[in-house]
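My questions will all concern the structure given below.
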Amino acid sequence: MNGAAKGAVVGGVFLALLGGAGYGVYALVGDTDGDGKDGDTSVQAGKGSGPVGAKETAATAKAFLAAWAAGDERKAADLTNNAAAAQAAVGDFETKASVSKAVITPGTPNGATVPFKVEAEITYEGTTKPLSYDSQLTVVRGVTSGKPLVDWQPSVLHPQLQKDETLRAGAPANPPVKAVDRNGEELTAEKYPSLRQILDELRQTYGGKAGGKPGAELWIEPAAKEAPKRTLLTLVEGEPSTLKTYLDAKVQAAAEQAVAKFPEASVVAVQPSNGHILAVANHRKDGFNAAMRGNRAPGSTMKIVTAAMLMDRGLVAADKPAECPKEVTWDRKFHNLKNFDLPPGTPFATSFARSCNTAFIKQIKPVGDDSALPQEAKEVFGIDLDWKTGIQSTDGKVPPATGAAAAAAYIGQGQITMNPLNVASITATARTGVFRQPLLVSPELDGRTIATAQRRMKPAVHQQLVSMMKLTATAGTAKEAMSSVRGSDKGAKTGSAEVDGAGSPDSWFTGFSGDVAAAAMVEAGGHGGDAAGPIVATVLNAG
């Protein structure tokens with residue numbers, strides 16, 4: 001075609017075939033005028049003000065998509081509000097992502113946002129594979145120019161792209177791995193969507209050590225060097241090595257189904273007898289592995305640690321009375337849910353099972369040591385000991401606190417942060433009396449050092465803690481959620497954590513059944529048993 005463009009209108013679709021430097025083809029739909037002729041793709045150069053109009057949105061989007069599809073990165077960039085970033089990204093789309101063809105089809109605008117579909121072909125060293133996905137762009141008013149411009153975000157190019165990330169095609173540095181569960185069943189991102197990021201991390205960490213040969217792929221290059229590459233398309237199959245994990249496919253499947261019922265939900269299951277991680281699942285818009293890397297206040301699930309510390313010091317006992325008034329003052333007033341109280345002489349076990357805040361806070365003065373709770377958390381429960389699970393994970397934090405901050409800490413608020421992995425481990429430690437660091441894969445794969453706690457839980461404390469968690473599961477705040485868990489050897493603790501600016505508290509729940517411990521968190525999910533409770537119950541039954 002000698003570099004010239006030929007166009008035709010077919011059924012209201014404008015199709016232009018380009019030779020030379022262009023990708024080869026682009027398609028634009030839904031932008032014709034009344035007589036069936038193609039609409040004007042030019043953008044008015046005049047300076048405007050206020051929100052962009054419908055015509056400005058349509059024209060700007062069409063011109064940008066046409067320039068992108070034609071491989072004209074400079075023209076496309078000039079139609080955005082970040083020309084430098086857009087020019088580099090659109091240019092890399094052809095050269096570094098090896099896109100040999102792009103068909104871009106706009107959808108119906110929704111205000112200033114225009115959805116579109118990209119149907120591309122990736123060609124690398126003689127191999128061509130199709131890539132299709134949906135994305136969108138938003139048109140805004142230029143701050144200085146007043147012109148309608150595409151608000152440039154990496155996600156315009158591909159919806160999974162985040163800040164400073166890029167698309168790349170080639171032979172990856174790490175060969176693929178075939179991850180299998182504890183019984184040898186293959187774990188794939190297609191079957192277990194929550195594992196996609198985890199499988200990518202396992203590949204990055206162990207792909208080069210476990211053998212195998214790389215093929216060719218299209219992937220997302222992360223902004224941080226330590227973050228894993230995310231494969232979008234396999235161009236040439238490599239030879240994967242087999243990597244055994246401690247996950248259990250049956251428990252993982254149950255975890256996936258359970259979190260899917262609630263937005264912004266995460267869950268982890270571990271085996272108390274050895275610390276092996278049986279399942280990790282997240283259902284989040286941002287794709288973040290909050291189950292293992294989150295850091296939010298755990299609410300009353302922290303009372304497991306606080307109760308152990310108080311019993312460790314002989315200040316309370318499961319069968320001894322403990323005051324539970326409606327409210328208590330420690331620099332500021334703290335109260336129980338709906339201001340309930342318990343009659344004088346009520347044993348501490350009931351305060352634990354009913355999640356009485358004031359019964360715990362009233363013990364701060366008798367403890368008389370601001371470091372008591374952090375010490376118990378670290379020395380007995382292994383919190384903040386730099387866990388090496390096999391992939392990236394975040395340790396729980398229990399910093400020393402005084403005054404109102406100490407009172408908040410005793411009930412899992414304030415400066416304390418946890419994630420479901422941390423809380424599941426706390427429950428596993430309570431279950432056995434011994435901290436065993438959670439593990440996703442064997443430390444023998446890379447010789448990494450496993451964290452060990454300074455001391456075991458005292459036998460008397462262990463016995464009382466288990467009995468109180470069992471009481472909570474059968475006659476306390478966890479009764480409803482745990483009623484569906486089979487068997488009688490089960491215990492639990494609920495939690496709800498207030499978050500500044502949130503309309504509802506985070507829902508936390510943790511429990512054990514036999515040799516399985518699990519913890520779940522649902523952001524803004526309400527009280528512990530409302531959302532997180534059913535998730536944990538489902539996972540425990542699967543184990």
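Hydrogens, waters and symmetry mates play no part in the numbers below; they use all other heavy atoms, side chains included. Keep in mind it's a predicted model, so treat the numbers as computed, not measured.
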* Asked: By side-chain hydrogen bond (donor to acceptor under 3.5 Å, both in side chains), which residues pair with Thr108, not counting sequence neighbours?
  -> none

* For Gly526 against Ser496, the heavy-atom pair lying closest together ->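 Shortest heavy-atom contact: O-CB, 3.9 Å.
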
* To do: Show your working on side chain to side chain contact (heavy atoms under 4.5 Å, CB included) between Leu232 and Ile220 and close with a plain yes or no.
  => CA-CA 7 Å; Leu232 294 175; Ile220 292 177; 3.8 Å; yes

* What's the verdict on side chain to side chain contact (heavy atoms under 4.5 Å, CB included) for Val268 and Val270, showing C-alpha distance, side-chain angles and the deciding distance? -> CA-CA 7 Å; Val268 172; Val270 300; 4.0 Å; yes

* Asked: Short question: side chain of Ser507, backbone of Gly528 - any donor-acceptor pair under 3.5 Å?
  -> yes

* Would you check, one step at a time, whether the test side chain to side chain contact (heavy atoms under 4.5 Å, CB included) holds for Ile391 with Leu202? => CA-CA 7 Å; Ile391 65 169; Leu202 288 173; 3.6 Å; yes

* So which heavy atom on Thr301 is nearest to which on Phe509, and how close? -> CG2-N, 4.3 Å

* Asked: Can you tell me if Ser145 uses its side chain to pair, donor with acceptor, with the backbone of Lys147 under 3.5 Å?
  ->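 Indeed, once roles are kept as given, a pair shorter than 3.5 Å links the two residues.
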
* Lys75 atom NZ, over 12 foreign heavy atoms within 6.0 Å -> no

* Distance, nearest 0.5 Å, that separates CD of Glu73 from CZ of Phe93 -> 12.5 Å

Enumerate, atom names and distances included, each donor-acceptor pair closer than 3.5 Å involving a side-chain atom of residues 164-173, sequence neighbours excluded.
residue : atom : partner : partner atom : Å
Glu165  : OE1  : Gln162  : N            : 2.9
Glu165  : OE1  : Arg230  : NH2          : 2.9
Glu165  : OE2  : Arg230  : NH1          : 2.9

* Donor on one side chain, acceptor on other, Thr138 and Thr113, under 3.5 Å ->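 Looking only at side-chain atoms, Thr113 and Thr138 do form a donor-acceptor pair, the distance falling under 3.5 Å.
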
* To do: For the pair Arg74 and Asp72, find out whether any cationic side-chain nitrogen is under 4.0 Å from an anionic carboxylate oxygen.
  =>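 The answer is no: the pair does not qualify as a salt bridge.
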
* Nearest-0.5 Å distance that lies between atom CZ in Phe64 and atom CZ in Phe116 ->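 That separation rounds to 7.0 Å.
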
* **Full working for salt bridge (charged side-chain N to carboxylate O under 4.0 Å, His left out) between Asp386 and Lys388** => CA-CA 6 Å; Asp386 192 19; Lys388 305 293 186 184; 3.4 Å; yes

* Is there a donor-acceptor contact under 3.5 Å from the side chain of Asp530 to the main chain of His527? -> yes

* If you take all heavy atoms of Ala497 and Pro298, which pair is closest and at what distance? ->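 Nearest heavy atoms, Ala497 then Pro298: CB-C, 4.4 Å.
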
* Say you draw a straight line from CG of Leu235 to CH2 of Trp219; how long is it, rounded to the nearest 0.5 Å? -> 9.5 Å

* Considering only NZ, NE, NH1 and NH2 on the basic side and carboxylate oxygens on the acidic side, decide whether Lys96 and Glu221 come within less than 4.0 Å. =>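 No salt bridge links Lys96 with Glu221.
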
* To do: Please list all pairs passing the salt bridge (charged side-chain N to carboxylate O under 4.0 Å, His left out) test where one or both residues lie in residues 169-194, with sequence neighbours left out.
  =>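 The answer is Glu185-Lys191.
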
* Under 3.5 Å donor-acceptor, Asp134 side chain and Lys117 backbone ->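 The answer is no, because no donor-acceptor pair under 3.5 Å joins these two groups.
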
* **By side-chain contact (heavy atoms from CB on, under 4.5 Å) - contacts of Ala253 (at least two apart)** =>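 Checked Ala253 against side-chain contact (heavy atoms from CB on, under 4.5 Å); matches are Tyr192.
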
* From CA spacing to verdict: side chain to side chain contact (heavy atoms under 4.5 Å, CB included), Met302, Met418 -> CA-CA 9 Å; Met302 184 63 190; Met418 298 278 174; 4.0 Å; yes

* **Pro176: side-chain contact (heavy atoms from CB on, under 4.5 Å) partners, not counting sequence neighbours** => Arg203, Pro240

* Asked: Within the distance-only criterion (no hydrogens, no angle test), does the side chain of Arg293 pair as donor or acceptor with the backbone N or O of Ser393 below 3.5 angstrom?
  ->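 No; judged by distance alone, with no hydrogens or angles, the pair does not exist.
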
* Asked: Applying salt bridge (charged side-chain N to carboxylate O under 4.0 Å, His left out), which residue pairs with at least one partner in residues 258-273 are found, sequence neighbours left out?
  ->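 Qualifying pairs, neighbours excluded: Glu264-Arg284.
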
* **side-chain hydrogen bond (donor to acceptor under 3.5 Å, both in side chains) partners for Lys55, two or more places apart** =>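 Partners of Lys55 under the side-chain hydrogen bond (donor to acceptor under 3.5 Å, both in side chains) test: none.
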
* Sidechain-backbone polar pair: Asp384 side chain, Pro399 backbone, donor-acceptor under 3.5 Å ->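 The answer is no, because no donor-acceptor pair under 3.5 Å joins these two groups.
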
* Structure fact -> So OH of Tyr246 and CG of Leu440: to nearest 0.5 Å the spacing works out to 9.5 Å

* Pair Asp515-Ser273, side-chain donor/acceptor within less than 3.5 Å -> yes

* **Minimum-distance pair of heavy atoms, taken over all atoms of Pro228 and Gln392** =>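 What the structure gives for the nearest pair is CD-NE2, 4.3 Å.
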
* So, Asn282 versus Ser266: side-chain donor-acceptor pair below 3.5 Å or not? -> yes

* Return the minimal non-hydrogen interatomic distance between Asp506 and Glu523, and the atom names on each side. =>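 Here Asp506 and Glu523 meet closest at OD1-CA, 3.3 Å.
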
* **Side-chain donor or acceptor of Thr80 paired with backbone N/O of Asn82 under 3.5 Å** =>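 Flag set: sc Thr80 to bb Asn82 pair under 3.5 Å.
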
* Asked: Are side-chain N/O atoms of Lys244 and Ser442 paired as donor and acceptor at under 3.5 Å?
  ->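 Absent: no donor and acceptor within the cut-off.
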
* To do: Name all residues meeting the side-chain hydrogen bond (donor to acceptor under 3.5 Å, both in side chains) criterion together with Asn174; count only those two or more places apart in sequence or in a different chain, and write none if there are none.
  =>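 If we apply the side-chain hydrogen bond (donor to acceptor under 3.5 Å, both in side chains) test to Asn174, skipping adjacent residues, there are no hits.
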
* Which value, rounded to the nearest 0.5 Å, describes the distance between Thr127 atom OG1 and Glu237 atom CD? ->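 If we round to the nearest 0.5 Å, Thr127:OG1 and Glu237:CD are 11.0 Å apart.
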
* Asked: Do any N or O atoms from the side chain of Glu56 and from the backbone of Gly53 form a donor-acceptor pair under 3.5 angstrom?
  ->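 Between the backbone of Gly53 and the side chain of Glu56 there is a qualifying donor-acceptor contact (under 3.5 Å).
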
* To do: Compute whether any side-chain donor of one residue and acceptor of the other, for Thr231 and Glu217, lie under 3.5 angstrom apart.
  => yes

* Can you name the residues that form a side-chain contact (heavy atoms from CB on, under 4.5 Å) with Ser155, not counting sequence neighbours? ->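 Partners of Ser155 by the side-chain contact (heavy atoms from CB on, under 4.5 Å) criterion, ordered by chain and then number, come out as Gln153.
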
* Residues in side-chain contact (heavy atoms from CB on, under 4.5 Å) with Thr205, at least two apart? ->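 By the side-chain contact (heavy atoms from CB on, under 4.5 Å) rule, Thr205 matches no residue at all.
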
* Which heavy-atom pair separates Gly412 from Ala297 by the least distance, and what is that distance? ->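 Closest pair (atom of Gly412, atom of Ala297, distance): O-CB, 3.5 Å.
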
* Ring geometry between Tyr133 and His158 (parallel below 30°, tilted from 30 to 60°, perpendicular above 60°) -> tilted

* Asked: Taking only residues two or more places apart in sequence, or in another chain, which ones meet Thr427 in a side-chain hydrogen bond (donor to acceptor under 3.5 Å, both in side chains)?
  ->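 Expected list: Thr510.
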
* To do: Provide the full list of salt bridge (charged side-chain N to carboxylate O under 4.0 Å, His left out) pairs with a residue in residues 246-260, sequence neighbours left out, each pair given once.
  => none

* Spell out, as yes or no, whether a donor-acceptor pair under 3.5 Å connects the side chain of Asp92 to the backbone of Ala89. =>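 Checked: no pair found.
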
* **Gly390 backbone acceptor or donor facing Glu201 side chain under 3.5 Å** => no

* Asked: Atom OG1 of Thr417 and atom CD of Gln415: how far apart are they, to the nearest 0.5 Å?
  ->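 Output value for this atom pair is 9.5 Å.
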
